[in-house]
Participant: 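One structure, pasted below without further comment.
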2 protein chains.
Amino acid sequence: MPGISGGKNYHHGDLRNALICAAVDLAGEGGPERVVLREAARRVGVSPTAAYRHFDGRGELLRTVRLHARARLAEAMERAAAREPGADDPALAAERRLAALCRGYVGFAVEHPGLYRAAFGAVRPAPEEPPAGAPRPPEPEIRAFTLLKDALEALGRTAGRRPAAGAAAWSAVHGLSLLLLEGPLRRLPAQRRDDVVETTLAMVVSGARAR
Amino acid sequence: MPGISGGKNYHHGDLRNALICAAVDLAGEGGPERVVLREAARRVGVSPTAAYRHFDGRGELLRTVRLHARARLAEAMERAAAREPGADDPALAAERRLAALCRGYVGFAVEHPGLYRAAFGAVRPAPEEPPAGAPRPPEPEIRAFTLLKDALEALGRTAGRRPAAGAAAWSAVHGLSLLLLEGPLRRLPAQRRDDVVETTLAMVVSGARAR
DNA sequence: ACGGAATGTTCATGCGGTCAACATCGGGCA
DNA sequence: TGCCCGATGTTGACCGCATGAACATTCCGT
C-alpha cells in the first residue's frame with residue numbers, strides 16, 4: 001500500500017511518501033548514514049518534526065528505505081536472470097540462473113552502493129531485545145535470499161543438496177559486494193573486479209554441485 | 001610503535017594511548033558508531049577537545065581502532081589454525097588449515113561483533129578521492145586476508161589454483177560474518193548457525209579444490 | 001456549523017564534532 | 001640560570017541532528 005513512487009501531491013498531501021522518496025534518494029547518494037531526517041524534511045520543504053507524524057523517528061524511516069532497497073535489489077536480480085538464455089539441460093539452466101542471479105546481485109551492489117548498504121547494513125543501535133517472550137514480528141521475506149535459495153534448490157534437484165546452501169551462497173555474494181563496495185576490494189580496477197566476481201561465482205556453483 | 005595496550009600513566013602522559021584503549025573498548029561494546037570522541041575523552045577523564053592534540057578527529061581515531069581490530073582478528077585466526085592438528089597428507093593439512101582459519105574468522109566476528117564491524121565496516125563519509133594523481137598511501141596489509149590467501153595457495157599447490165581465489169574465500173567468510181552479526185541471519189540459533197558456517201566452509205574448500 | 005483527529009509548526013533539550021582562544025608546564029637555548 | 005616557546009589541555013562557542021512538548025491549522029464526519 002505505501003505506494004513508493006507515485007507521489008505527486010507533495011508539500012501537502014502525502015508527506016509520508018515524499019519523505020520516503022527523499023530518504024531513498026539520500027540513501028542512494030550516501031548510504032544509510034546519509035539518511036538524515038532533517039535533510040529529508042528539508043528536501044520536501046517541511047519542518048523537521050513533521051516527519052514524526054508519519055514515522056517513529058529516523059529508525060523507522062531508515063527501515064522503510066531498507067525495504068525499498070531490498071525490493072530494488074531483487075528486481076535487479078530477476079532482470080539479470082531473465083536476460084540469461086535458457087538451456088536444454090535443466091542442470092545447466094539451473095547453474096546459469098544461479099550465476100545470473102549472483103551477477104545481478106553484485107551488479108546492483110556495485111551500481112548502487114548506497115542503496116545496497118542501506119538494504120543490509122545494520123541500523124545501529126537497535127539490538128533492543130524485547131524482554132524475551134514478546135512475539136517478535138516475523139522478519140519479512142527477503143526476496144534476494146529467496147531467489148538464491150530457490151535457484152540452488154533447482155540445482156539441487158539434479159545434484160546434491162544441503163539445507164544451509166542458500167545461506168552459504170548468500171554469504172559469498174554479500175561479502176563480495178561489501179568488500180567491493182566499502183571494503184579493501186574497493187579501488188579494484190573493473191577488470192580485476194570481474195575476475196573476482198567470476199571466481200566467487202565459480203566457488204558458489206562448485207559448492208552447490210559438491211554435495 | 002603505538003603501543004596499543006601498555007598504558008598506565010593516564011590522565012597525563014600518554015593520552016593518545018589511553019584514548020585508543022577507550023575507543024577500542026567502545027568499539028567492542030557497540031561497534032564503530034559507538035566510538036564517540038567525547039565519550040572516549042570522558043572515560044579517560046579529559047576534556048573532549050584534548051583528543052584533537054593526538055588525532056585529526058573522530059575519523060582518525062576510528063581508523064586507529066580499525067587497525068587494532070584487524071590485528072586482533074588475525075591473531076584469533078592464527079590461534080584457531082594453531083590448535084588444528086596437522087596431517088600427513090599435505091593436501092589434507094592445507095584444507096584443514098584453511099577451514100580452521102575460516103572458523104577462526106567467523107568465530108571472532110561472532111564473539112566480538114563490535115570489533116569485527118569496526119575492523120571492516122565503512123567509515124563514512126570518506127570517499128574523498130584526492131584529485132586523481134596524488135599517490136594514495138598504500139593500504140596497509142590486512143593480515144586476515146593474507147592468511148586466507150596463503151592457505152589457499154598452499155592448497156593450490158596440490159590442487160587447482162586461481163588468482164582471485166583469496167578474494168572469493170574472503171568474500172564468503174566476510175559475508176557470512178556480517179549476515180550472522182547484523183544481517184538477516186542474526187537470531188539464528190547457535191546450532192543452525194554452525195550448520196551454516198560448515199556449509200559455507202565446505203563451499204570455500206570445494207571452490208578451492210575445483211580448479 | 002462544530003468539534004476533534006490528523007497533520008504541521010515553533011520552541012527547547014541534549015548530544016556529538018569541531019574550532020578558536022586561553023592556560024600550563026616542561027624543557028632547551030641564550 | 002632564567003626566559004620563551006611549543007606541546008598539551010581546558011573553556012567557551014557554533015553548528016547539525018534526533019526528539020519531545022505545546023501550539024496552530026485543516027478538514028472531515030456527525
Side-chain angles (χ1 to χ4, degrees), chain A residues 1-3 7-23 25-27 29-66 118 121-128, chain B residues 1-3 7-23 25-27 29-66 114 118 121-126 128:
Chain A
M1 291 65 101
K8 275 87 204 171
N9 29 7
Y10 269 25
H11 286 174
H12 239 271
D14 70 342
L15 219 201
R16 177 178 172 94
N17 262 299
L19 285 173
I20 294 181
C21 292
D25 285 353
L26 282 169
E29 292 167 25
E33 51 282 313
R34 180 69 185 285
V35 176
V36 164
L37 234 139
R38 288 177 106 102
E39 173 66 15
R42 217 171 293 140
R43 293 193 177 195
V44 169
V46 86
S47 89
T49 53
Y52 286 83
R53 296 289 179 216
H54 303 275
F55 300 93
D56 238 8
R58 187 185 118 110
E60 196 189 323
L61 180 58
L62 209 34
R63 245 169 291 134
T64 308
V65 169
R66 177 160 57 186
V123 180
R124 311 275 118 182
E128 5 85 3
Chain B
M1 293 64 94
K8 276 87 204 171
N9 28 8
Y10 270 25
H11 284 177
H12 240 271
D14 70 344
L15 218 201
R16 177 177 172 93
N17 262 299
L19 285 173
I20 294 180
C21 291
D25 286 353
L26 282 170
E29 291 167 26
E33 50 281 314
R34 180 68 186 286
V35 176
V36 163
L37 212 74
R38 286 178 110 107
E39 173 66 15
R42 221 171 289 141
R43 292 193 178 194
V44 169
V46 85
S47 89
T49 53
Y52 285 82
R53 297 290 178 214
H54 303 275
F55 300 93
D56 239 9
R58 185 185 120 114
E60 196 189 323
L61 180 58
L62 208 34
R63 245 170 291 134
T64 308
V65 169
R66 178 161 55 185
V123 179
R124 310 279 116 178
E128 5 84 5

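Below, chains carry the letters A, B, ... as their sequence lines are ordered, and counting in each starts from 1. Below, all heavy atoms of this structure are taken into account, side chains as well, without hydrogens, waters or symmetry copies.
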Participant: In whole angstrom, what separates F55(B)'s CZ from dT8(D)'s C1'?
Facilitator: 14 Å
Participant: With a 4.5 Å limit on heavy-atom distance, are the side chains of L26(B) and E29(B) in contact?
Facilitator: yes
Participant: Expressed in angstrom and rounded to an integer, what is the separation of N17(B) atom CG from dT8(D) atom P?
Facilitator: 13 Å
Participant: Can you check whether H54(B) has a side-chain N or O nearer than 4.0 Å to OP1 or OP2 of dA7(D)?
Facilitator: no
Participant: For Y52(B) and dT11(D), what is the distance between atoms OH and C1' respectively, to the nearest whole Å?
Facilitator: 15 Å
Participant: Measure from CG on L19(A) to P on dT7(C) and round the result to the nearest Å.
Facilitator: 12 Å
Participant: Tell me, please, which residues at least two apart from A27(B) pass side chain to side chain contact (heavy atoms under 4.5 Å, CB included).
Facilitator: V35(B), V65(B), L115(B), A118(B)
Participant: Which residues pass the side-chain hydrogen bond (donor to acceptor under 3.5 Å, both in side chains) test with E39(A), sequence neighbours left out?
Facilitator: R42(A), R43(A)
Participant: Rounded to whole angstroms, how far apart are CD on E60(B) and P on dT18(C)?
Facilitator: 11 Å
Participant: Could you tell me the separation between the CD atom of E33(A) and the P atom of dA18(D), rounded to a whole number of Å?
Facilitator: 13 Å
Participant: Starting from the 5' end of DNA chain C, give me the residue, R53(B) or D56(B), whose nearest nucleotide shows up first.
Facilitator: D56(B)
Participant: Please list, pair by pair, any protein nitrogen or oxygen found under 3.5 Å from a nitrogen or oxygen in nucleotides 12-16 of chain C.
Facilitator:
residue	atom	partner	partner atom	Å
dG16(C)	OP2	R42(B)	NH2	2.8

Participant: Can you measure from CZ (F55(A)) to CD1 (I20(A)) and round to the nearest 0.5 angstrom?
Facilitator: 4.0 Å
Participant: Taking side chain to side chain contact (heavy atoms under 4.5 Å, CB included) as the definition, give me every residue that meets it alongside A50(A), ordered by chain and number, with sequence neighbours left out.
Facilitator: L15(A), V46(A), S47(A)
Participant: Mind checking the CG-CZ spacing from L61(A) to R16(A)? Nearest 0.5 Å is all I need.
Facilitator: 9.0 Å
